[in-house]
Asker: 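Here it is: the structure, laid out below.
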Number of protein chains: 2
Amino acid sequence: MNGKATTTRTKLERGRSALGPALELVHTGRAPTRAVLTSELGVTRATAGAVAAELEALGLIRVDSSPGSAAGSQGRPSHRLSVLETGPVVLAAQVHADGFRAALVGLGGRIVATSPGCVAVMADPAQVLGEVVEAGAGLLRESGLRCVGAGLAVPSAVAEPEGTALNPLHIAWPAGSPVRDIFAACVRAAGITGPAFTGNDVNLTALAEHRHGAGRGAQHLLCVATGHRGVGGALVLDGRLHSGSSGLALEVGHLTVNPEGRPCHCGGRGCLDVETDPLAFLTTARREPGPEESLLKQAGNLLRAEYEDPAVRNAAEALIDRLGLGLAGLVNILNPDRIILGGLHRDLLEADPERLRAVVADRSLWGRSGSVPILPCTLAHNSLVGAAELAWQPVLDDPLGALA
Amino acid sequence: MNGKATTTRTKLERGRSALGPALELVHTGRAPTRAVLTSELGVTRATAGAVAAELEALGLIRVDSSPGSAAGSQGRPSHRLSVLETGPVVLAAQVHADGFRAALVGLGGRIVATSPGCVAVMADPAQVLGEVVEAGAGLLRESGLRCVGAGLAVPSAVAEPEGTALNPLHIAWPAGSPVRDIFAACVRAAGITGPAFTGNDVNLTALAEHRHGAGRGAQHLLCVATGHRGVGGALVLDGRLHSGSSGLALEVGHLTVNPEGRPCHCGGRGCLDVETDPLAFLTTARREPGPEESLLKQAGNLLRAEYEDPAVRNAAEALIDRLGLGLAGLVNILNPDRIILGGLHRDLLEADPERLRAVVADRSLWGRSGSVPILPCTLAHNSLVGAAELAWQPVLDDPLGALA
DNA sequence: TGAGTTTGTGCCGCAACTAAACAAACTGCG
DNA sequence: CGCAGTTTGTTTAGTTGCGGCACAAACTCA
């Protein structure tokens with residue numbers, strides 16, 4: 001098929017091959033000491049020592065030789081490993097229906113600095129992303145830290161490899177906007193170093209939760225979440241985001257969950273999108289929906305504050321049943337070992353976890369798969385942290401190469 | 001989480017690391033010469049030469065130093081690489097509603113010997129698998145070839161890691177039969193060397209088609225197929241079967257494709273399973289279904305022979321529309337870059353490819369994903385070859401270790 | 001026949017790793 | 001306090017997979 005198009009990787013390009021995995025272990029908190037790093041990497045103590053020393057020399061991690069507080073076990077206490085607080089950061093940002101937020105995020109998903117939630121005129125993506133990057137650049141100047149990349153989360157499917165936003169329905173951007181290129185241009189224009197990445201917000205939420213939150217340790221993590229409108233999904237397989245062949249996987253909004261339900265713009269009826277989002281909850285509960293940018297909060301508050309109201313409770317149970325049906329369908333297709341829910345779905349889970357689990361168990365064919373754990377997302381600003389993960393990925397894959 | 005449970009891989013265990021990938025390239029026909037092996041592996045000619053020589057020394061491949069017929073291009077002609085005809089084989093078998101078949105399969109998916117299709121009393125899995133392995137052992141004795149493993153395809157989901165058949169509905173086995181253990185016991189009892197594996201037949205069809213058939217080169221391959229009853233699915237991601245966290249992924253039979261459709265034993269209505277299988281086709285076309293073991297053939301023959309009959313044509317179009325709806329749902333979730341269809345679905349595709357493609361494009365949200373290629377399965381005995389792939393996998397992963 | 005092109009092979013050396021022996025830092029016990 | 005036992009870090013030597021290079025081999029084309 002290809003003659004010699006494949007990259008002939010030279011010796012100079014490949015660094016110490018265990019460097020990336022080691023950094024990822026420290027990054028995700030799975031290697032608190034050099035001893036567990038050794039066993040986790042499956043290498044000798046000598047190698048693990050050399051790798052840790054090299055990561056320390058790169059200014060990425062800290063190796064505490066004198067911990068003082070040993071944890072009771074006998075034997076020589078191991079050196080503690082941790083992310084270096086004063087190490088490099090990435091610029092992370094998220095755009096959503098009611099504004100944007102920029103932040104600096106270090107290794108370990110640590111938010112170093114964050115801008116206040118900003119409201120912006122949403123018409124023109126170039127203008128909005130210009131403001132976003134401007135805010136991030138300000139944080140960067142204040143901090144004086146080194147920046148090694150930038151990541152952006154948008155509430156839209158992002159087509160690969162073009163990097164275009166296909167359905168930014170709930171922000172007023174034109175469909176097909178080349179958000180990745182626009183963001184990258186803004187980043188370069190602001191003089192920020194490192195590559196720039198863009199991804200779907202639910203995908204990035206899943207990635208963040210997998211590395212630092214409720215998804216830790218899951219091998220097949222399914223994430224389903226609402227924003228103000230619509231439903232998104234994401235799948236993290238063996239630690240890597242699965243976004244399909246062109247970035248459009250897990251567009252779960254059009255699973256049929258209520259054959260007699262309301263019509264959907266996709267041409268079908270009773271899609272997950274229009275049956276389980278905040279607007280659906282409010283109308284089912286016979287409440288007047290407020291402005292689009294506050295639907296999620298309105299629905300969440302209603303659910304928590306007035307759950308004893310029969311109309312609210314019935315609406316919640318109806319949505320839980322439909323959500324459960326959708327999740328069961330996804331379980332039959334994807335067979336995940338954990339499900340995490342965000343947005344209104346998270347609130348619905350917390351309102352009546354037993355009901356949701358029962359529906360999923362009942363309608364997913366396999367009893368054993370029916371017992372798949374369903375958990376709420378736990379991370380604050382998870383899509384922001386996920387955007388940062390995107391920017392950190394090259395460093396995690398090849399620390400030497402990415403920092404050179 | 002674990003102290004030192006992880007495998008400390010010693011130097012002796014890891015062979016030449018490019019050995020596995022190289023064998024896989026020859027196995028799948030993507031490395032016809034040593035030159036393309038070099039570029040495909042991304043190593044130097046020296047390394048590729050050493051690797052090829054080692055595989056030849058292992059008795060797995062043949063390196064033709066004197067090809068004679070060069071293909072017109074200038075420069076020194078490259079050594080031709082091919083699978084060694086007299087190399088080791090695996091024992092492959094499939095069990096289906098109307099009997100079983102055993103075969104010996106070499107590298108490259110080459111069927112070396114095959115038993116005639118046998119009819120067996122289906123009641124007891126141990127008895128059936130005993131006959132299956134008996135037939136295979138006979139072939140093995142006749143051939144005198146070395147056997148390095150065994151693989152079995154069953155028409156049921158196989159739970160991992162238990163290896164139990166969860167829904168062998170269309171063969172008269174009890175649900176939950178430990179088929180993997182039974183098969184492994186039979187293999188050992190027959191004195192056949194090497195590990196024994198068991199998998200779902202549609203999964204294995206997908207694997208076989210990916211390596212040797214219509215799925216070659218696809219990175220996200222979705223396969224959907226019918227047997228005599230019901231519908232199965234499979235996904236091959238980057239060359240590896242994706243069977244979910246417990247082997248139960250791609251149980252696509254219960255996607256809703258016809259809200260007003262017939263009731264399904266799952267509790268829903270209009271599931272893919274009961275709306276697009278051979279029985280559904282025959283009843284929709286108002287034909288008297290014959291015995292269960294011949295539904296697929298009966299439906300296929302009817303479709304090909306009497307497509308001009310309005311009842312047949314209408315039934316076909318109805319099934320195509322519902323199948324398209326199901327495929328569109330899967331496209332939205334999985335975003336594959338190729339879809340292949342087997343069983344009656346293959347026949348439906350060939351009866352009216354445009355209609356099916358139009359429905360999928362119309363109902364999968366993204367126009368560009370809607371243009372995903374939909375192809376018929378091409379391989380003869382594909383689930384048999386897939387069962388062989390399962391048995392070959394350890395050799396492909398680590399030739400030195402597996403043959404030692 | 002000779003220039004040009006592509007491929008195979010032998011040799012050197014690097015770098016990442018293992019293995020093994022030793023040193024260091026702790027616990028626990030008498 | 002001292003000593004055994006345990007676990008971890010460090011040093012050194014040795015192995016090895018593979019890149020880089022130079023050269024030989026086998027073809028095409030003029």
Side-chain angles (χ1 to χ4, degrees), chain A residues 3-4 6-22 31-57 63-81 398-401, chain B residues 2-4 6-22 31-57 61 63-81 398-401:
Chain A
K4 30 192 42 184
T6 37
T7 58
T8 5
R9 117 182 15 160
T10 72
K11 190 194 316 185
L12 295 175
E13 285 176 26
R14 59 180 183 116
R16 199 177 284 268
S17 78
L19 218 55
T33 69
R34 243 191 55 176
V36 315
L37 179 68
T38 301
S39 65
E40 211 69 19
L41 286 177
V43 298
T44 58
R45 290 196 297 267
T47 304
V51 166
E54 196 163 350
L55 288 176
E56 191 176 29
V63 183
D64 270 343
S65 329
S66 56
S69 72
S73 75
Q74 57 179 353
R76 173 175 174 174
S78 188
H79 293 180
R80 300 205 76 77
L81 302 179
D398 177 12
L400 268 178
Chain B
N2 53 354
K4 30 194 45 186
T6 36
T7 58
T8 5
R9 122 183 11 161
T10 73
K11 192 191 318 185
L12 295 176
E13 285 176 28
R14 64 185 179 114
R16 198 177 287 265
S17 76
L19 217 54
T33 69
R34 242 191 57 177
V36 315
L37 179 68
T38 302
S39 66
E40 211 68 21
L41 286 177
V43 298
T44 59
R45 290 197 296 266
T47 304
V51 165
E54 197 164 350
L55 288 176
E56 189 176 29
I61 74 171
V63 183
D64 270 343
S65 329
S66 56
S69 73
S73 75
Q74 57 179 353
R76 175 175 174 175
S78 189
H79 292 181
R80 300 206 74 78
L81 302 179
D398 178 12
L400 268 177

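Chain A is the first sequence line, chain B the second, and so forth, proteins listed ahead of strands; every chain is numbered from 1.
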Asker: Nearest 0.5 angstrom please: A/His79 NE2 to A/Asp64 CG, how far?
Answerer: 9.0 Å

Asker: With a 4.0 Å limit, can you tell me whether B/Thr47 has a side-chain N or O closer than that to the phosphate oxygens OP1/OP2 of D/dG19?
Answerer: yes

Asker: Can you tell me the distance, in whole Å, between the CG atom of A/Asp64 and the P atom of C/dC26?
Answerer: 14 Å

Asker: Can you measure A/Arg34 atom CZ to C/dC26 atom P for me and round it to whole angstrom units?
Answerer: 15 Å

Asker: Contact class for A/Ala46 (heavy atom, under 4.0 Å): base, sugar-phosphate, or nothing?
Answerer: base

Asker: Expressed in angstrom and rounded to an integer, what is the separation of A/Leu41 atom CG from C/dA16 atom P?
Answerer: 15 Å

Asker: Output the rounded distance in Å from CZ (B/Arg45) to C1' (C/dG8).
Answerer: 7 Å

Asker: Hey, does the side-chain of B/Arg76 have a donor or acceptor N/O within less than 3.5 Å of a partner on the base of C/dT6?
Answerer: no

Asker: Quick check: closest heavy atoms across B/Arg45 and B/Arg34, and the distance to 0.1 Å?
Answerer: O-NH2, 3.7 Å

Asker: The test is side-chain contact (heavy atoms from CB on, under 4.5 Å); show your working for B/Val63 and B/Leu81 and say whether it passes.
Answerer: CA-CA 5 Å; B/Val63 183; B/Leu81 302 179; 3.8 Å; yes

Asker: Select from A/Gly75 and A/Val51 the residue whose nearest nucleotide in DNA chain C is closer to the 5' end of that strand.
Answerer: A/Val51

Asker: Does C/dT7 have OP1 or OP2 under 4.0 Å away from a side-chain N or O of B/Thr33?
Answerer: no

Asker: Round to the nearest Å and state the distance from A/Glu54 atom CD to D/dT10 atom C1'.
Answerer: 17 Å

Asker: Keeping the roles fixed (side chain from B/Ser78, backbone from B/Ala35), state whether a donor-acceptor pair exists under 3.5 Å.
Answerer: yes

Asker: How close do B/Ile61 and B/Ala52 get, heavy atom to heavy atom, and via which atoms?
Answerer: CD1-O, 3.9 Å

Asker: In whole angstroms, how far is the P atom of D/dG9 from the CZ atom of A/Arg80?
Answerer: 11 Å

Asker: Does B/Ser65 make a side-chain N or O approach to OP1 or OP2 of C/dG8 shorter than 4.0 Å?
Answerer: no

Asker: Expressed as a whole number of angstroms, how long is the span from B/Gln74:CD to C/dG2:C1'?
Answerer: 14 Å

Asker: Hey, is the side chain of B/Ser78 poking within less than 4.0 Å of OP1 or OP2 on C/dT6, counting only N and O atoms?
Answerer: no

Asker: Rounded to the nearest angstrom, tell me the gap between atom CD in B/Glu40 and atom C1' in C/dT7.
Answerer: 17 Å

Asker: Any idea which of C/dT18, C/dT7, D/dT8 is nearest the A/Thr44 side chain?
Answerer: C/dT18

